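Just so it is clear: chains get the letters A, B, ... in the order the sequence lines come, proteins before strands, and each one is counted from 1. Computed from a predicted structure; not experimentally measured.
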There are 2 protein chains.
Amino acid sequence: MQNSEAMALSAALLAVAGGLTQRINEGVIARGFDGVRPAHGFAFTRLAPDGATVTDLAVHLGMTKQAASQLVDELVRKGYAERRPHPRDARARLVVMTERGWACTRAAEEVAAEAVREWTDLLGEREVRTLAEQLLRIAPRGPVRPAW
Amino acid sequence: MQNSEAMALSAALLAVAGGLTQRINEGVIARGFDGVRPAHGFAFTRLAPDGATVTDLAVHLGMTKQAASQLVDELVRKGYAERRPHPRDARARLVVMTERGWACTRAAEEVAAEAVREWTDLLGEREVRTLAEQLLRIAPRGPVRPAW
DNA sequence: ACCATATAGTCAAGCAGCTTGACCATCACG
DNA sequence: CGTGATGGTCAAGCTGCTTGACTATATGGT
């Protein structure tokens with residue numbers, strides 16, 4: 001395969017990913033969850049289902065724990081999460097989602113499902129399913145810097 | 001298709017895209033092009049092959065023209081691009097890539113091709129080709145905010 | 001030919017989100 | 001039980017973006 005084909009694939013991949021990110025973010029905001037950024041969604045995926053510490057979040061999001069702590073401040077201030085004492089470590093705090101946080105993630109799921117449905121219209125359900133399988137197989141393991 | 005499947009697909013897509021972005025950036029830096037950011041790569045794709053104005057770049061990158069102008073300042077300072085007078089509009093300036101800029105894009109192509117080759121090892125060439133075709137078909141048209 | 005408006009670009013100031021550095025409280029282990 | 005490691009926060013600074021204001025040139029109606 002030629003370099004130019006690799007670039008076309010890469011460009012398409014990044015365009016689809018960027019468009020999806022943008023669309024989910026806008027859709028969630030349109031459903032009344034204002035002030036959310038894509039990074040919050042990535043945080044939610046780590047917070048669910050059992051909560052996480054600030055350090056966990058920092059690793060997951062590929063940022064310093066100070067930045068993660070500031071992000072949690074923001075989530076708490078906006079009512080999406082809260083800090084609870086950690087059951088087994090008095091130094092740590094367990095960050096958990098509030099009901100509003102859960103509602104926000106459900107909204108994000110709905111918007112994502114809507115986008116995927118359009119892809120199904122274009123490609124067919126079978127193709128979308130294989131697309132998902134292939135992406136899962138080539139997805140890097142471990143914490144990936146979300147980069148948005 | 002259920003919402004959870006849509007989220008799995010979305011997460012995989014974003015993980016692959018984030019990993020690819022990170023990898024290309026690191027690979028390009030490792031080849032001696034220091035100080036480049038992913039946004040520069042997106043700028044390069046618009047600059048090639050005939051150059052572009054600052055306003056073109058701003059639309060392409062989904063940012064204000066002031067930000068695009070600052071980005072061009074940076075590219076010029078680092079030797080990747082230069083400003084030339086626009087042939088048909090005395091207000092505008094044509095931003096074109098230098099030889100170093102071209103070398104940098106070739107390096108990015110090599111790194112991307114390397115990543116795609118690994119996907120081919122995992123999925124097979126035929127599957128990667130259909131993956132590319134499917135992504136091209138669902139890629140949003142027009143300027144997409146790169147989001148990194 | 002002229003003027004009104006639109007467009008290309010820059011300068012300047014401000015801000016959001018991240019970083020680095022320093023620090024305290026608590027844990028884990030010799 | 002003390003010593004280094006770990007979880008978290010505070011404070012300051014930086015980078016890349018934004019908004020606002022401005023100049024120079026182009027465009028189009030009269």
- Message: Can you tell me how far apart CG (A:Leu94) and CG (A:Asp56) are? Round to the nearest 0.5 Å.
- Response: 9.0 Å

- Phosphate contact (C:dA8 OP1 or OP2) by B:Arg88 side-chain N/O below 4.0 Å: no

- Query: What about B:Gln66, does its side chain sit under 3.5 Å from the base of D:dG20 through a donor-acceptor pair?
  - Reply: yes

- Query: Out of C:dA8, D:dC17, C:dG17, which nucleotide sits closest to the side chain of B:Thr53?
  - Reply: C:dA8

- Note on the structure: Per nearest nucleotide of DNA chain D, the residue lying toward the 5' end, A:Asp73 or A:Asp89, is A:Asp89

- Query: Is the phosphate of D:dT9, meaning OP1 or OP2, less than 4.0 Å from a side-chain N or O of A:Arg93?
  - Reply: yes

- Task: Return the value, rounded to whole Å, for the distance between atom NE2 of A:His86 and atom P of C:dA25.
- Result: 20 Å

- Between atom CD of A:Gln134 and atom CG of B:Leu13, what is the distance when rounded to the nearest 0.5 Å? 12.5 Å

- Task: Supply the atom-to-atom distance B:Thr53 OG1 to B:Asp89 CG, rounded to the nearest 0.5 angstrom.
- Result: 9.0 Å

- Task: Would you check if A:Ile138 and B:Leu131 make a side-chain contact, meaning some heavy-atom pair closer than 4.5 Å?
- Result: yes

- Item | Spacing of A:Arg77 atom CZ relative to D:dT9 atom P, expressed in whole Å | 14 Å

- Message: In the structure I gave you, are the side-chain heavy atoms of B:Tyr80 and B:His40 within less than 4.5 Å of one another anywhere?
- Response: no

- Using a cut-off of less than 4.0 Å, is there contact between a side-chain N or O of B:Ser69 and OP1 or OP2 of C:dT10? yes

- Nearest-nucleotide comparison on DNA chain C, the residue closer to the 5′ end among A:Arg37 and A:Arg91: A:Arg37

- Whole-Å distance between C:dC23 C1' and A:Lys65 NZ? 11 Å

- So which nucleotide from D:dG7, C:dT19, D:dC17 ends up closest to the side chain of B:Met63? D:dC17

- Which whole-number value in Å describes the distance from A:Leu61 CG to C:dT19 C1'? 15 Å

- Query: Do B:Gln70 and D:dT15 share a donor-acceptor pair, side chain to base, under 3.5 Å?
  - Reply: no

- Message: Is there a side-chain contact between A:Thr55 and the phosphate of D:dT6, meaning an N or O under 4.0 Å from OP1 or OP2?
- Response: no

- Message: Considering every strand and a 4.0 Å limit on heavy-atom distances, what is the contact class for A:Ala90: base, sugar-phosphate, or nothing?
- Response: sugar-phosphate

- Task: Considering just the side-chain nitrogens and oxygens of A:Thr64, establish if one lies under 4.0 Å of OP1 or OP2 belonging to C:dC18.
- Result: no

